Amino acid sequence: MIPKLERLRSVPVRDIWQHEALGFTPWLAQSENLHQLGEAIWLGDIELEDTEKRIGSFIADIVARDAEDRLVLIENQLNPTDHGHLGQIITYLAGLDERAVVVWVSTQVREDHRAAVDWLNRNTTSEHDFFAVEIEAY
């Protein structure tokens, strides 16, 4: 028997999750999905601590821990990256008193923001790592 293969086709992420906080964040916070994210960026298994977590006077989308017990801050954006979310990431990190990994998930990482993430990785202490991750749906 010859197996029938289907073509993968890209679909807009907003067709899957219409709302970041009500749709995408709960989906990403599921154990299996955090595990896949951790594997994709070489953090090992990521374990959820909380969603919509207050840090200072702001609220982070997802707070978790990686295999090395580092805090993992995940900021979701179902649009191309923007300056507002870059500011949020830095503000969340400033509100912490421990080593942390920051993961910025977006549908498109603009080149200027990719450069900013690279700059942060080069110019912050070794206790902080920054990732920009693009999400696609098929």
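Everything numeric in this text was worked out from a predicted model, so none of it was measured.
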Worksheet item: Judged by atom type as modelled, is there a donor-acceptor pair below 3.5 Å linking the side chain of Thr51 to the main-chain atoms of Ile62?
Response: no
Worksheet item: Under a single-linkage definition using a 4.5 Å side-chain heavy-atom cutoff for Ile, Leu, Val, Met, Phe, Trp and Tyr, are Ile41 and Phe130 assigned to the same hydrophobic cluster?
Response: no
Discussion item. Are there over 12 heavy-atom neighbours, none belonging to Asn123, within less than 6.0 Å of that residue's CG?
Written reply: yes
Practice prompt. Using a cut-off of 6.0 Å, state whether more than 12 heavy atoms not belonging to Arg122 lie near its atom CZ.
Written response: yes
Practice prompt. Quick one: closest heavy-atom pair of Val101 and Leu43, and the distance?
Written response: CG1-CD1, 3.8 Å
Discussion item. Between the side chains of Arg70 and Glu49, is the shortest nitrogen-to-carboxylate-oxygen separation below 4.0 Å, so that they form an ion pair?
Written reply: no
Item to complete: Measure the CZ-CG distance between Arg99 and Asp69 for me, rounded to the nearest 0.5 Å.
Response: 7.0 Å
Worksheet entry | Least distance between heavy atoms, His128 atom then Leu93 atom | CD2-CD1, 3.3 Å
Discussion item. Does Glu75 form a salt bridge (Lys or Arg N to Asp or Glu O under 4.0 Å) with Lys53? I'd like the steps, not just the answer.
Written reply: CA-CA 11 Å; Glu75 180 61 24; Lys53 169 85 171 171; over 6 Å; no
Practice prompt. Would you check if the side chain of Glu47 reaches a backbone N or O of Arg65 as a donor-acceptor pair within less than 3.5 Å?
Written response: no
Discussion item. Could you tell me if His113 and His83 have a donor-acceptor pair between their side chains, going purely by distance under 3.5 Å?
Written reply: yes
Worksheet entry | Spacing of CZ belonging to Arg110 relative to CG belonging to Leu86, to within rounding of 0.5 Å | 12.0 Å
Worksheet item: Is it true that atom CD of Glu32 has more than 12 heavy atoms of other residues, nucleotides or ligands lying nearer than 6.0 Å?
Response: no
Discussion item. Is it the case that the side chains of Thr25 and Asn76 hold a donor-acceptor pair, with the cut-off being a distance below 3.5 Å and no angle test?
Written reply: yes
Worksheet item: If two hydrophobic side chains count as joined below 4.5 Å and joins carry through other members, does Ile74 share a cluster with Ile16?
Response: yes
Practice prompt. Check for a donor-acceptor pair, side chain of Arg14 on one end and backbone N or O of Leu78 on the other, with a separation under 3.5 Å.
Written response: yes
Worksheet item: Could you give the distance from CH2 (Trp27) to CD1 (Ile135), rounded to the nearest 0.5 Å?
Response: 4.5 Å
Discussion item. For residues Leu71 and Trp104: do they belong to one hydrophobic cluster (side chain heavy atoms under 4.5 Å, members Ile, Leu, Val, Met, Phe, Trp, Tyr)?
Written reply: yes
Worksheet item: Taking side chain as C-beta onward, heavy atoms only, is Gln36 less than 4.5 Å from Gln30?
Response: no
Worksheet item: When clusters are formed by joining ILVMFWY residues with side-chain heavy atoms under 4.5 Å apart, either directly or through shared neighbours, do Leu48 and Trp17 land in the same one?
Response: yes
Worksheet item: Which heavy atom of Asn33 sits nearest a heavy atom of Leu28, and at what distance?
Response: CB-O, 3.7 Å
